[in-house]
Amino acid sequence: MIKRICWLLLLLCAGRMLADDSDMLNQTRFFRIRGIHQGFTLDDDYSFAEFSVPMEIYWPLSRENSLYLYTNYAGVSGEYVNDLSGITDTQIFWNYHLEDKNIVLNVGLGLPTGKSTLTADEFETSMLISQHYWNLNVPNFGQGFNLSPGITWARPMSDNVVAGLGMAFQIRSGFIPVEDTEEAYQPGNEFLLTGGLDMRLSPLSTASLDLVFTLYASDKYDNQEIYKSGNKIVTSAQYKRYFDYDILTLDFRFRSKSNNQMLNADGNLVSEDMKTTPNQIDLRGELRHRHNVQFYMTYGIEGRFYEELDVYPGMTLFGVILAPEYSMSKKTRLSGILKYWTGSFSNETSLSGLEAGAGITYLF
């Protein structure tokens, strides 16, 4: 989760520059809590589900400073799945806007409040929920202390185009992932570069393009390099069209990683013979419709497509989305989400899923 939030902060500038708000940083304070159920069933006889409770606080300290805090409680259970539950690590982000230089500085802290040392059975469940197929809200619980400093620059190139560039480091500490393990596992540090363009195509439509490149250092155990993740590229594009109070949003995302490096019998890291992380394409279309001044409903469709590899089957997944929003007052908003997934793996294993959630946001 810390990486996804870091990307969001790095790419925030370009979107803010084209918004009506003259401040780079959002000036609306809020507290949000939600409950989210995500469950999947394979071939009608194997199923598992995760229930998570994400909590967020965003607090602008001034026009130049803001703080953001995020944490979760989650529980995983299912048929043939060992139960796993607990709180996750807590993420805190500080942002500072240097207005005269068009720069935002940010520092993220990952506090080790989560459950990181697991039993062997719990670790097996943790491996399941971390798989890329599921896109769960909580793919892991605790991974030790993290520090993520970053910098973003954004500049209007014309009246209708804004360009943004950013970079960030993620410095990661070690943790003990399984009980009765003597040495700490040391995940590799990460370096991230990002660039983006936001364009106003007409008075009622915008488009954005973003590119994120992530470079990983080697993971270590007992001071021995044992694994090195392949470099990752994520490309995304978005189109928005406004119709009075309605908004049409179209999203495209492509994710690709190079071959990982594994420890061989001689104690050296070598590139794996075959790729083990599939390319992924995500497509999404949504229409947010105002039914009345208090009630909005988002109607959407989504598709996720995973490449078939020698070691993993490919997967195609389609979903329909309903997301209601209701304003109880000027400061209190209720929101919900309902998704139904259907699809299959390339080995003809059928797959279905359901996501349902609700939450409340309080502005203060």
Side-chain angles (χ1 to χ4, degrees), residues 1-4 33-55 70-90 113-143 175-181 185 255 276-278 280 282 300 302-309 311-323 335-359:
M1 177 58 69
I2 190 170
K3 289 181 287 184
R4 284 187 287 176
I33 185 169
R34 292 171 289 160
I36 302 172
H37 166 90
Q38 295 170 287
F40 288 92
T41 300
L42 284 71
D43 272 352
D44 296 324
D45 60 1
Y46 177 87
S47 63
F48 72 95
E50 175 184 277
F51 180 76
S52 60
V53 184
M55 292 170 282
Y70 182 89
T71 192
N72 272 281
Y73 172 85
V76 183
S77 61
E79 193 172 9
Y80 313 117
V81 175
N82 301 303
D83 291 350
L84 172 60
S85 63
I87 62 173
T88 67
D89 290 343
T90 299
T113 56
K115 188 174 184 179
S116 58
T117 302
L118 310 176
T119 66
D121 288 342
E122 290 174 333
F123 185 75
E124 184 178 327
T125 300
S126 179
M127 293 289 291
L128 168 67
I129 65 175
S130 68
Q131 291 184 20
H132 48 267
Y133 294 125
W134 317 123
N135 195 30
L136 295 177
N137 182 54
V138 177
N140 56 68
F141 282 76
Q143 294 188 327
F175 67 101
I176 298 178
V178 185
E179 289 181 353
D180 302 324
T181 302
Y185 184 81
R255 175 185 181 273
T276 56
T277 305
Q280 175 183 343
D282 296 334
E302 187 170 347
R304 301 212 306 259
F305 309 92
Y306 297 85
E307 175 189 17
E308 181 177 6
L309 302 175
V311 291
Y312 291 115
M315 188 181 76
T316 300
L317 198 61
F318 294 98
V320 293
I321 306 166
L322 291 175
S335 61
I337 184 70
L338 180 64
K339 294 184 183 181
Y340 176 75
W341 297 99
T342 184
S344 63
F345 290 92
S346 57
N347 61 8
E348 299 185 355
T349 299
S350 64
L351 175 68
S352 63
L354 178 67
E355 178 176 336

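Taking OH of Y73 as the start and OG of S52 as the end, the distance is 11.0 Å to the nearest 0.5 Å. If you take CE on M315 and CZ on F345, they are separated by 5.5 Å, rounding to the nearest 0.5 Å. Atom CD1 of I129 and atom CG of L136 lie 6.5 Å apart (nearest 0.5 Å). To the nearest 0.5 Å, atoms NZ (K115) and CD1 (I87) are separated by 10.5 Å. To the nearest 0.5 Å, atoms CZ (R304) and OG1 (T316) are separated by 11.5 Å. With rounding to the nearest 0.5 Å, the separation of CD in E302 from CD1 in I321 is 4.5 Å.
Between D121 and D83 there is no side-chain heavy-atom pair separated by less than 4.5 Å. In this structure, V53 and I33 have side chains that are in contact, with non-hydrogen atoms separated by less than 4.5 Å. Proximity of F141 to S126: side-chain heavy atoms (C-beta onward) are nowhere separated by under 4.5 Å. W134 is listed as a side-chain neighbour of L128, based on a closest heavy-atom distance under 4.5 Å. Residues L351 and L42 have side chains in contact (heavy-atom distance under 4.5 Å, counting atoms from C-beta outward). Using a 4.5 Å heavy-atom threshold, the side chains of R255 and D282 count as separate. Contact check for Y133 versus Y312: side-chain heavy atoms found under the 4.5 Å cut-off.
The main-chain N or O of V138 is found under 3.5 Å from a side-chain atom of E50 such that the two form a donor-acceptor pair. A donor-acceptor pair is defined here as one N or O able to donate and one able to accept, closer than 3.5 Å; no such pair exists between the side chain of T90 and the backbone of T113. For E355 (side chain) and I337 (main-chain N/O), no donor-acceptor pair under 3.5 Å exists by modelled atom type. Distance alone, capped at 3.5 Å, is enough to place a donor-acceptor pair between the T88 side chain and the N72 backbone.
For CZ of F175, the number of neighbouring non-hydrogen atoms (other residues, nucleotides, ligands) closer than 6.0 Å is greater than 12. The 12-atom threshold is not exceeded at CD of E124, counting heavy atoms of other residues, nucleotides or ligands nearer than 6.0 Å. Annotation: D180, atom CG; neighbour count of heavy atoms from other residues, nucleotides and ligands within 6.0 Å does not exceed 12. Atom CD of E79 is surrounded by more than 12 heavy atoms from other residues, nucleotides or ligands within 6.0 Å.
In this structure, G75 and S85 approach most closely via the heavy-atom pair CA-CB, 3.8 Å. Closest approach of I36 and R34 over heavy atoms only: CD1-NH1, 4.0 Å. Heavy-atom minimum distance, H37 versus A49: CE1-CB, 3.5 Å. Nearest heavy atoms, Y306 versus P278: CD2-CG, 4.5 Å. V178 and T117 get closest at one heavy-atom pair: C-CG2, 4.0 Å. Across all non-hydrogen atoms, the minimal contact from T71 to D89 is OG1-O, 3.7 Å.
For the residue pair T349 / N347, a side-chain donor-acceptor distance below 3.5 Å is found, with atom types taken as modelled. Between T41 and S47, the side chains place no donor N or O within less than 3.5 Å of an acceptor N or O (distance only, hydrogens not considered).
Of the candidates W341, Y340, F305, F305 is the only one forming a ring pair (Phe, Tyr, Trp, His ring centres under 6.0 Å) with F318.
Relative ring orientation between Y46 and Y80 is described as parallel, the plane-to-plane angle staying below 30° on a 0-90° scale split at 30° and 60°.
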